[in-house]
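Written out below as structure tokens is the structure these notes cover.
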Amino acid sequence: MSHAPLELRAVERRYKTEAGALEVLRGADLTLQPGEIVALVAPSGTGKSTLLHVTGLLERPDGGEVFIEGAAAGTLGDDARTAIRRNTIGFVYQFHHLLPEFTAEENVMLPQLAAGTPRAAARARAAEILGQFGLAARLQHRPGKLSGGEQQRVAIARALANAPRVLLADEPTGNLDTATANLVFDELLREARGRGLACLIATHNPELAARMDRKVTLREGRVVPG
């Protein structure tokens with residue numbers, strides 16, 4: 001029996017404030033199938049970042065559970081959650097967060113090396129993925145020598161380096177001009193669909209959201225159709 005790559009089941013998340021408990025997620029449910037690309041279109045302050053953090057096992061839920069490929073993962077210990085993030089979940093952020101002292105190739109090698117991939121194999125895979133993003137001639141360039149669009153392509157390649165089954169992206173083209181954003185998003189969609197990834201992509205861009213398989217939003221702490 002195959003399981004959905006990602007499922008949130010009755011997820012709750014609350015924070016302590018001086019005014020008392022702030023409930024952000026109140027029984028959030030969401031299931032992503034292989035190859036399904038879902039847009040998360042939610043106003044600021046509704047819990048979008050919290051949802052992504054809990055989904056990506058960066059925060060533990062206060063109630064409910066996060067299932068990754070059918071296995072309960074949200075309430076595991078730190079080491080186990082770190083291993084799942086490293087091997088099964090890819091992250092792309094609005095700002096690329098590339099390490100400036102390393103080349104494009106080395107930035108894509110690093111998560112592979114952390115996962116135990118031999119250096120030669122990690123280098124070969126980095127070159128392969130970067131080539132798929134049209135960066136074969138930029139492997140030895142550091143981030144400071146790359147354009148904004150090229151930097152974000154490297155960040156996406158890094159997210160794909162360990163062959164994740166789930167890809168989470170928070171405004172992945174929000175820091176780019178319109179033309180570059182469309183180009184980078186085209187490449188992201190192509191790679192995600194080609195690899196059969198389950199993707200949750202937060203965006204404020206309605207044109208990009210319309211190109212995904214479906215839209216969801218957050219309302220009163222729950223995930224509802226967008």
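This one's a predicted model, so the numbers in the text were calculated from it and none came from an experiment.
Heavy atoms of other residues, nucleotides or ligands lying less than 6.0 angstrom from CZ of Arg195 number more than 12.
Linking ILVMFWY side-chain heavy atoms closer than 4.5 Å, directly or via other members, places Ile68 and Leu30 in a single hydrophobic cluster.
A distance of 10.0 Å separates CZ in Arg211 from CG in Leu188, rounded to the nearest 0.5 Å. Distance check, rounded to the nearest 0.5 Å: CG of Leu57 to OG1 of Thr75 gives 10.0 Å. Expressed to the nearest 0.5 Å, how far CG of Leu197 lies from CG of Leu6 amounts to 12.0 Å. Between atom CG of residue Leu113 and atom CZ of residue Arg123 there is a gap of 8.5 Å, rounded to the nearest 0.5 Å. If you take CZ on Arg165 and CD on Glu69, they are separated by 6.5 Å, rounding to the nearest 0.5 Å. Taking OG1 of Thr50 as the start and NE2 of His53 as the end, the distance is 7.5 Å to the nearest 0.5 Å.
Glu171 and Lys48 are joined by a salt bridge, as a carboxylate oxygen and a charged side-chain nitrogen come within less than 4.0 angstrom of each other.
For the side chain to side chain donor-acceptor pair (under 3.5 Å) test, no residue two or more places apart in sequence or in another chain qualifies with Thr88. By the salt bridge (Lys or Arg N to Asp or Glu O under 4.0 Å) test, Arg222 pairs with no residue at all, sequence neighbours left out. The side chain to side chain contact (heavy atoms under 4.5 Å, CB included) check on Ser44 picks up His204, with sequence neighbours excluded. Asn205 pairs by the side chain to side chain contact (heavy atoms under 4.5 Å, CB included) definition with Thr203, Glu207, Leu208, not counting sequence neighbours. Residues that satisfy the salt bridge (Lys or Arg N to Asp or Glu O under 4.0 Å) test with Asp177, not counting sequence neighbours, are absent from this structure. Here Arg158 pairs with nothing under the salt bridge (Lys or Arg N to Asp or Glu O under 4.0 Å) rule; sequence neighbours left out. Every side chain to side chain contact (heavy atoms under 4.5 Å, CB included) that Arg60 has, sequence neighbours left out, goes to Asp78, Arg81. Considering only residues two or more places apart in sequence or on other chains, Glu106 meets the salt bridge (Lys or Arg N to Asp or Glu O under 4.0 Å) condition with none of them.
Minimum interatomic distance between Ala42 and Leu218 (heavy atoms only, all atoms of both residues): CB-N, 4.1 Å. The shortest heavy-atom contact between Pro43 and Thr217 is CD-OG1, 4.1 Å. Residues Cys199 and Ala192 come closest through the heavy atom pair SG-CB, 3.5 Å. The minimum heavy-atom distance between Met212 and Phe185, with the atom names listed, is CE-CZ, 3.5 Å. When all heavy atoms of Val166 and Pro5 are compared, the closest pair comes out as CG2-O, 3.7 Å. The minimum heavy-atom distance between Leu167 and Ala159, with the atom names listed, is CD1-CB, 4.0 Å.
Identified under the side-chain hydrogen bond (donor to acceptor under 3.5 Å, both in side chains) test for residues 16-33, with sequence neighbours left out: none. For the salt bridge (Lys or Arg N to Asp or Glu O under 4.0 Å) condition, the pairs that include at least one residue of residues 135-148, sequence neighbours left out, are Arg138-Glu150.
No side-chain donor-acceptor contact under 3.5 Å links Gln140 to the backbone of Glu105. For Gln152 (side chain) and Pro172 (main-chain N/O), a donor-acceptor pair under 3.5 Å exists by modelled atom type. Between the Arg125 side chain and the Ala161 main chain, a donor and an acceptor come within less than 3.5 Å of each other. In this structure, the side chain of Thr117 engages the main chain of Gln112 through a donor-acceptor pair within 3.5 Å. Checking side-chain atoms of Asn87 against main-chain N and O of Ala115 turns up no donor-acceptor pair under 3.5 Å. When atom types are taken as modelled, the side chain of Gln151 and the backbone of Pro143 share a donor-acceptor pair closer than 3.5 angstrom.
Between Tyr93 and Phe91, the angle of the ring planes stays under 30°, which puts this pair in the parallel group of the 30/60° scheme.
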- request: Evaluate the side chain to side chain contact (heavy atoms under 4.5 Å, CB included) criterion for residues Leu51 and Leu8: first the C-alpha distance (whole Å), next the side-chain angles of each, then the deciding distance (0.1 Å), finally the verdict.
  value: CA-CA 10 Å; Leu51 181 70; Leu8 307 183; 3.5 Å; yes

- prompt: After noting the C-alpha distance and the side-chain angles of Arg153 and Leu146, does the key distance pass the side chain to side chain contact (heavy atoms under 4.5 Å, CB included) rule?
  reply: CA-CA 10 Å; Arg153 288 190 191 96; Leu146 301 174; over 6 Å; no

query: Yes or no on side chain to side chain contact (heavy atoms under 4.5 Å, CB included) for Asp170 and Leu40, after CA distance, side-chain angles and deciding distance?
result: CA-CA 9 Å; Asp170 190 359; Leu40 173 60; over 6 Å; no

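Cation-pi geometry between Arg9 and Phe67 is met: the NZ or CZ atom falls under 6.0 Å from the ring centre, inside 45° of the normal.
Grouping Ile, Leu, Val, Met, Phe, Trp and Tyr by side-chain contacts under 4.5 Å, direct or through others, puts Leu110 with Leu99, Phe102. Side-chain heavy-atom separations under 4.5 angstrom define the hydrophobic clusters, and Leu183 shares its cluster with no other residue.
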